[in-house]
Amino acid sequence: MYDSQNIFARILRGEIPCRKVYEDEFALAFHDIMPKAPVHILVIPKGAYIDLPDFGQRATSSEIQGFFKAVAKIASDQGLSHQGFRSIANTGVHGGQEVPHFHLHLLGGGPIGPMVHRETV
Ligand code: AMP
């Protein structure tokens, strides 16, 4: 069940500030508080969705379209589209998701390096 007290829900309600990059009817984008790249932006849908599968299953076609149109605009406006960037949607425990409101990380501004670093066991 969606936790309406998660930090991104609180940012959406204006209870916690963020360094806003973009906002429209479908999406809010802001700088990650602990950036992992020269540019590290989080894009979140306005609706209450826990993770990527939840968004894919329950969001309306216009919410999904609006969200990804926003992602494309943000990537272009922030100068990420020309040289490229990485987008990551961590999901659940194995995905290392910390905040249970669906979000897409946009990482760029320089080479991001290997796709995944996995600890050897
Ligand atoms: P994830 O592990 O995919 O759930 O990513 C959560 C991200 O949210 C992390 O990269 C955090 O640094 C970021 N984060 C947590 N709290 C805030 C906040 N108040 N403002 C901006 N980013 C945040």
Side-chain angles (χ1 to χ4, degrees):
M1 198 169 85
Y2 182 80
D3 171 16
S4 61
Q5 292 307 312
N6 79 74
I7 197 143
F8 293 170
R10 298 188 66 197
I11 287 174
L12 278 172
R13 291 196 295 269
E15 295 169 9
I16 293 176
C18 70
R19 286 179 57 216
K20 192 194 297 187
V21 168
Y22 177 80
E23 182 170 17
D24 65 18
E25 180 186 351
F26 299 103
L28 173 69
F30 49 91
H31 291 282
D32 195 292
I33 206 165
M34 290 181 61
K36 309 289 193 303
V39 178
H40 186 172
I41 293 166
L42 300 171
V43 190
I44 70 176
K46 289 277 178 87
Y49 300 104
I50 298 169
D51 57 18
L52 176 64
D54 189 33
F55 186 64
Q57 283 161 9
R58 293 197 303 109
T60 65
S61 299
S62 61
E63 283 178 305
I64 292 169
Q65 183 180 47
F67 178 80
F68 283 102
K69 293 270 185 195
V71 169
K73 178 168 174 45
I74 293 156
S76 174
D77 289 354
Q78 295 295 314
L80 297 174
S81 296
H82 181 59
Q83 296 270 49
F85 61 97
R86 182 165 300 156
S87 51
I88 298 174
N90 295 322
T91 303
V93 175
H94 283 188
Q97 183 178 3
E98 293 170 4
V99 180
H101 181 110
F102 170 49
H103 51 282
L104 203 58
H105 297 255
L106 305 184
L107 299 145
I112 301 304
M115 187 167 75
V116 175
H117 173 73
R118 187 159 192 257
E119 299 293 336
T120 51
V121 288

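Order of appearance sets the numbers: ligands from 1, and atoms from 1 within every ligand. Bear in mind that the values here come from a model prediction, so they are computed numbers and not experimental data.
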With heavy-atom distances below 4.0 Å as the criterion, list the atoms of ligand 1 near [X].
X      : value
Phe30  : 21 (C)
Met34  : 12 (O)
Asn90  : 1 (P), 2 (O), 3 (O)
His105 : 1 (P), 3 (O), 5 (O), 7 (C), 10 (O)
His31  : 21 (C)
Gly96  : 2 (O)

State whether the side chain of [X] and the backbone N or O of [Y] hold a donor-acceptor pair below 3.5 Å, judged by distance alone.
X      : Y     : result
His94  : Gly92 : no
His101 : Pro45 : yes
Glu63  : Phe55 : no

Practice task
Output yes when Glu23 and Lys46 qualify as a salt bridge under the 4.0 Å nitrogen-oxygen rule, no when they do not.
Solution key: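 Yes, Glu23 and Lys46 are salt-bridged.
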Heavy-atom proximity to atom 7 (C) of ligand 1, picking from Val99, Asp51, Thr91, Asp32, points to Asp32
Exercise. Would you mind finding which of Leu104, Ile33, Leu107 brings a heavy atom closest to atom 14 (N) of ligand 1?
Key: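 The nearest heavy atom belongs to Ile33.
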For [atom], grab the closest protein heavy atom and report residue, atom and distance to one decimal in Å.
atom                   : value
atom 8 (O) of ligand 1 : Phe8 CZ, 3.3 Å
atom 1 (P) of ligand 1 : His103 NE2, 3.1 Å
atom 4 (O) of ligand 1 : Glu98 N, 2.7 Å

Give, for atom CZ of Phe67 and atom CZ of Phe102, the distance between the pair rounded to the nearest 0.5 Å.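 So the gap between those two atoms works out to 4.0 Å.
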_Angle between ring planes, His105 versus His40, binned at 30° and 60°: parallel, tilted or perpendicular?_
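The arrangement is tilted - the two ring planes meet at 30° to 60°.
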Under 30°, 30 to 60°, or over 60°: which ring-plane class applies to Phe8 and Phe30, parallel, tilted or perpendicular?
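Ring orientation, 0 to 90° scale: perpendicular.
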| request: Mark the output for Cys18 as yes if a heavy-atom distance to ligand 1 is under 4.0 Å, and as no if none is. | output: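 Distance cut 4.0 Å: Cys18 fails for ligand 1.
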More than 12 heavy atoms from other groups under 6.0 Å of NZ on Lys69: no
May I ask you to identify, for Leu42, whether its side chain, its backbone, both or neither come under 4.0 Å of ligand 1 on a heavy-atom basis?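 Within the 4.0 Å criterion, Leu42 contacts ligand 1 through side-chain atoms alone.
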Same cluster or not: are Phe68 and Val43 linked, directly or through other Ile, Leu, Val, Met, Phe, Trp or Tyr residues, by side-chain heavy atoms under 4.5 angstrom apart?
yes
Report task. Indicate yes or no: does an N/O atom of Ile16 lie under 3.5 Å from an N/O atom of ligand 1? Result ->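 It does not: no N or O of Ile16 is found under 3.5 Å from an N or O of ligand 1.
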